[in-house]
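Some notes on the structure that comes next.
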Amino acid sequence: MTPADIAASILRILASLQASGSLVAGELPADVTVERPKNRDHGDWATNIAMQWGVKLAGNPREFATLLAAELGKEPGVEKVDVAGPGFINITLSAAAAGELAKQIVLAGNAFGTGSDLLGLKMNLEFVSANPTGPIHIGGTRWAAVGDSLARIFEAQGATVTREYYFNDHGAQIDRFARSLVAASRNEAAPEDGYAGEYINQIASEVLVQHPDAATLPDEEAIETFRAAGVDLMFAEIRKSLEDFGVHFDVFFHENSLYESGAVQKAIERLRTLGHIYELDGAIWLRSTTFGDDRDRVVIKSDGEAAYIAGDLAYYLDKRERGFDRAIYMLGADHHGYVQRMMAMCAAFGDEPGVNLEILIGQLVNLVKDGEPVRMSKRAGTVVTMEDLVEVVGVDAARYALTRSSINSMLDIDLDQLSKKTNDNPVFYVQYAHARTKQVSNNAVSLGVDDSEFDPALLTHASESELLGKLAQLPKVMAHSAVERAPHLVARYLEEVAGAYHRWYDNCRVTPLSEQPVESVHRTRLWLNNAASVVLANGLRVLGVSAPERM
RNA sequence: GCGCUUGUAGCUCAACGGAUAGAGCAUCUGACUACGGAUCAGAAGGUUGGGGGUUCGAGUCCCUCCAAGCGCACCA
């Protein structure tokens, strides 16, 4: 019996109580929260439904709880129901009913933990989108890890997710990048506002391999040559880093294409038709204040050049026209000023802000050295790239470390500490638990413990109850993390599962001690062991972290 | 000045408005002639930045003050 089963039973009982006149007529709850109490004295599962609905349906919470508890106690598999405090309903299951879950999990396999909350929804998730003027640094790496994990979580709820990278290959930053390459190829100092660093020299020399005469071309031609070839090379490097990191983008969208295709003009015309465009001082403006922005925005500057937002307009429209119900942008905190104007833009197109367009703002990553914050600077050579991080700790540890914290909080990364003491990364605790489930399973099979028998009433140890309780929560955790756009909830949950598993392992043997016979309890525990294996593997999968069989 | 985010154990961080605020690391004490000790058991560690409010109940919601990060362009 799962918490979802209990919730369903409660809803059925409430309808029945109301039909028989025991409860006041009227609206009934559509959903019931059933959660694991922190304190095990409060039973296996608890609900606060009486505090939320008791006054309305029965005059007071205790009265309501008592009525409900009496009926709930008659449900098969329910051993005991208590009413506590202001109206908590505490439910204790029989060992057999609680243990049944182990078999359900094993039979569900990879599907355990998935849901259908987002079934049929077409989502576009844009993340990273770092400019191709340098390698992806540690900040962008955080979005790569979190964004990809989020996509996996949405997919587990039935959504169709397109992972998209907005490739900014238009505008002044690219010009600076090109001029920096030209300078490097001529052994000149980098331009004042340009980029420097070993990677610039490398790219420049690679361009020279392709175009041996590029450095000696006239400036205009040289810049154009280095721009085209340099961006391609940088882009290829970024793409490779991401793939090595386990993040696969379905679409790399080139900003430049919006200008070449006329999409920008089209978007502006659409807004003009809708009456949200005006001209002033020779520039073309979007009247975004109509939709809550704190000022109107220039779309086409008075010199005729497009402002940055012009691309955003066209890009958003393009996403919607490609059939996405939701366009989600993940941006760093240094871009949070965009939110208001982007939402205004969304509304100007007649869409619903927060629904069709959603913007997730994540706080930045701080680089820390010897306890002191270090500002990442390309000139100072203190930039830590995705590749640096992976080289030091590996993909699994890197992704886990970047994903296990809420994106709302700043993250400190100390490379020296990570490289010295990798054990303090909880990913190993979780992975070890998974490896242990596999070793236990292998040992069991080789020693004659098979899964031919399953008697859940034998799963009576306190650590078994605790483990089963944790395992039962995967579906809810996954669904909740999708709603909250918070992959870190899955990571934290896995740490709890791993702890529960290790404690169980310490108390309950799957294989009997030598010379002892194999009994029903061992075969049944093998199911529980394998259920833990499934939960850990399914959770690690959505985090993009491997579930090793041995470490 | 205005806005977004944050403030929880020595450190890094958790906690659908729920019951005694939890993990890991670090510290201390224990446990293998046991399916892998990358483990487990225990101890210690807190006025959830301060102050008000909302309610059966607040780390969580509202107001205010303090502190930190990041933003407030016809830059991208």
Side-chain angles (χ1 to χ4, degrees), chain A residues 33 35 37-39 41-42 46-48 51-52 54-55 60-61 84-88 90 131 168 170-176 255 280-285 294-295 297-303 305-309 311 332-340 361-364 366 371 373 401 404-414 417 421-426 428-429 431-433 435-437 439-444 446-447 449 463 476 479-480 483-484 488-489 491-493 495-496 498-499 501-514 522 525-526 529 550-551:
Chain A
T33 301
E35 55 188 6
K38 286 175 195 151
N39 186 337
D41 295 341
H42 295 147
T47 177
N48 59 359
M51 273 101 80
Q52 293 170 338
V55 172
N60 73 72
F88 288 104
N90 296 331
N131 289 343
N168 186 327
H170 181 96
Q173 293 193 31
I174 296 296
D175 290 340
R176 288 199 280 272
E255 182 188 13
L280 181 70
D281 298 335
I284 295 178
W285 297 70
D294 51 9
R295 62 188 304 161
R297 303 291 170 178
V298 169
V299 178
I300 303 292
K301 296 184 272 185
S302 53
D303 65 3
E305 289 288 313
Y308 188 75
I309 195 174
D334 52 342
H335 289 73
H336 78 256
Y338 290 12
V339 175
Q340 220 172 14
I361 297 297
Q363 298 302 308
L364 304 176
N366 290 320
R404 78 183 285 266
S405 296
S406 162
I407 61 168
N408 286 334
S409 60
M410 292 178 287
L411 202 57
D412 290 334
I413 293 286
D414 186 330
Q417 196 181 354
K421 314 165 63 176
T422 53
N423 274 1
D424 67 2
N425 189 332
F428 299 109
Y429 185 73
Q431 286 187 311
Y432 181 62
R436 191 171 240 186
T437 64
Q439 295 307 305
V440 166
S441 175
N442 291 341
N443 280 330
S446 67
L447 292 172
V449 180
S463 65
K476 188 177 174 183
H480 189 217
V483 170
E484 297 293 326
H488 78 276
L489 295 175
R492 298 295 172 153
Y493 164 75
E495 291 168 25
E496 291 177 17
Y501 177 76
H502 286 311
R503 285 186 285 279
W504 173 70
Y505 170 92
D506 218 50
N507 284 289
C508 302
R509 295 186 56 88
V510 171
T511 53
L513 290 169
S514 56
H522 302 114
R525 283 175 180 163
L526 178 59
N529 176 78
R550 51 170 44 90
M551 296 176 68

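Taking only side-chain atoms of Leu489(A), from C-beta outward, the nucleotide of rA15(B), rC74(B), rG69(B) with the closest atom is rA15(B). Across rA34(B), rC56(B), rC74(B), the shortest atom-to-atom separation from the side chain of Pro86(A) is found for rC56(B). Side-chain atoms of Gln439(A) lie closest to rG36(B) of the nucleotides rA19(B), rG36(B), rG24(B). Checking rA38(B), rC74(B), rC16(B) against the side-chain heavy atoms of Thr33(A) singles out rC16(B) as nearest. The nucleotide whose nearest atom lies closest to any side-chain atom of His488(A) is, among rC70(B), rA38(B), rA15(B), rA15(B). Ranking rU20(B), rC40(B), rG18(B) by closeness to the Asp506(A) side chain, first place goes to rC40(B). The listed nucleotides are rC16(B), rG37(B), rC4(B); the one nearest the side chain of His336(A) is rC4(B). Looking at the side chain of Asp41(A), the nearest of the listed nucleotides rC70(B), rU20(B), rG37(B) is rU20(B).
When heavy atoms are screened at a 4.0 angstrom cut-off, Gly85(A) is found touching no nucleic acid atom at all. Counting non-hydrogen atoms under 4.0 angstrom, Ser405(A) reaches the backbone sugars and phosphates but no base. Residue-level contact check: Leu513(A) touches the bases, meaning some heavy atom is under 4.0 Å from a base atom. Within the nucleic acid shown, Ser406(A) comes within 4.0 Å of sugar-phosphate atoms alone, with no base atom in reach, counting heavy atoms only. Using a 4.0 Å heavy-atom distance criterion, Asp334(A) is classed as a sugar-phosphate-only contact. Residue Ala283(A) is in base contact, counting any heavy-atom pair closer than 4.0 Å across all strands shown. In this structure, Gln363(A) reaches the bases: a heavy-atom distance under 4.0 Å links it to at least one base atom across the strands shown. Among the protein residues, Met51(A) comes within range of the nucleic acid bases, having at least one heavy atom under 4.0 Å from a base atom. At the heavy-atom level, Ile300(A) lies nowhere under 4.0 Å from the strands shown. As judged by a 4.0 angstrom heavy-atom cut-off over every strand, Tyr429(A) is placed among residues touching the sugar-phosphate backbone only. Asn48(A) comes within 4.0 angstrom of a base, heavy atoms only. Counting non-hydrogen atoms under 4.0 angstrom, His42(A) reaches a base of the nucleic acid. Residue Leu447(A) is classed as having no contact, given no heavy-atom separation below 4.0 Å to the nucleic acid. Residue contacts shown for Lys476(A) are absent, as no nucleic acid heavy atom lies under 4.0 Å away.
Of the C1' atoms belonging to rG46(B) and rG7(B), the separation is 14 Å, rounded to the nearest Å. Comparing rC62(B) with rG3(B), their P atoms sit 14 Å apart, to the nearest whole Å. rA58(B) and rG24(B) are spaced 27 Å apart, taking the C1' atom of each and rounding to whole Å. With both ends at atom P, the span from rU6(B) to rG10(B) equals 22 Å, rounded to whole Å. To the nearest whole angstrom, the two C1' atoms, one in rA9(B) and one in rU47(B), are 13 Å apart. Nucleotides rU39(B) and rA34(B), compared at atom C1', are 13 Å apart to the nearest Å. rC66(B) and rG51(B): their C1' atoms are spaced 11 Å apart (whole Å). The separation of rA19(B) from rC61(B), taken at their P atoms, amounts to 16 Å, rounded to a whole angstrom.
Residue-to-nucleotide contacts include no donor-acceptor pair under 3.5 Å from the side chain of Asn366(A) to the base of rA68(B). No hydrogens or angles were tested; on distance alone, nothing pairs the side chain of Asn408(A) with the base of rU6(B) as donor and acceptor under 3.5 Å.
Formation of a donor-acceptor pair under 3.5 Å by the Asp281(A) side chain with backbone atoms of Ala283(A) is not found in this model. In this structure, the side chain of Asn90(A) does not engage the main chain of Ala46(A) through any donor-acceptor pair within 3.5 Å. Put simply, the side chain of His336(A) gets close to the backbone of Ala333(A): a donor and an acceptor are under 3.5 Å apart.
OP1 and OP2 of rU12(B) both lie 4.0 Å or more from every side-chain N or O belonging to Ser409(A). Applying the 4.0 Å criterion to OP1 and OP2 of rG37(B), one finds that Arg436(A) has a side-chain N or O inside that range. Put simply, Tyr493(A) has no side-chain N or O that comes within less than 4.0 Å of OP1 or OP2 on rA15(B). OP1 or OP2 of rC2(B) has not a single side-chain nitrogen or oxygen of Arg295(A) nearer than 4.0 Å. Note on His502(A): every side-chain N or O is 4.0 Å or more away from OP1 and OP2 of rA41(B).
Val440(A) places none of its side-chain heavy atoms less than 4.5 Å from the side chain of Arg525(A). For the pair Pro512(A) and Val449(A), the minimum side-chain heavy-atom distance is below 4.5 Å. Residues Glu255(A) and Tyr308(A) form a side-chain contact, since some pair of their non-hydrogen atoms from C-beta on lies under 4.5 Å apart. Contact of the Arg436(A) side chain with the Gln439(A) side chain is not registered, since no non-hydrogen atoms from C-beta on lie closer than 4.5 Å. Val510(A) has its side chain out of reach of Tyr505(A): every pair of non-hydrogen atoms, C-beta onward, lies at least 4.5 Å apart. The side-chain heavy atoms of Leu489(A) and His480(A), taken from C-beta on, include a pair separated by under 4.5 Å.
The distance from atom CG of Asp294(A) to atom P of rC2(B) is 14 Å, rounded to the nearest whole Å. Atom pair Tyr505(A):OH and rA41(B):P shows a separation of 14 Å (rounding to whole Å applied). When the C1' atom of rG36(B) is taken as reference, atom CZ of Phe428(A) falls 17 Å away, rounded to whole Å. To the nearest angstrom, C1' of rU12(B) lies 11 Å from CG of Asn425(A).
Pairing for rU20(B) is absent, with no Watson-Crick or G-U wobble pair whose two atom distances lie under 3.5 Å. Across the strands present, rA41(B) finds its partner in rU29(B); the criterion is a Watson-Crick or G-U wobble pair with both atom distances under 3.5 angstrom. With a 3.5 Å ceiling on both atom-pair distances, rG36(B) lacks any Watson-Crick or G-U wobble partner. Using N1 to N3 plus N6-O4 or O6-N4 for Watson-Crick, or N1-O2 and O6-N3 for G-U wobble, each under 3.5 Å, rC61(B) pairs with rG53(B). Base pairing annotation: rC70(B) forms a Watson-Crick or G-U wobble pair with rG3(B), both donor-acceptor distances under 3.5 Å. The base-pairing partner of rA9(B), taking Watson-Crick or G-U wobble contacts with both distances under 3.5 Å, does not exist among the strands shown.
Using a 4.0 Å cut-off between charged side-chain N and carboxylate O, Arg297(A) and Asp294(A) make a salt bridge.
For the pair Leu364(A) and Glu35(A), nearest-nucleotide mapping onto RNA chain B gives the more 5' position to Glu35(A). Judged by closest nucleotide on RNA chain B, Ala84(A) is the one of Ala84(A) and Gly499(A) placed further toward the 5' end.
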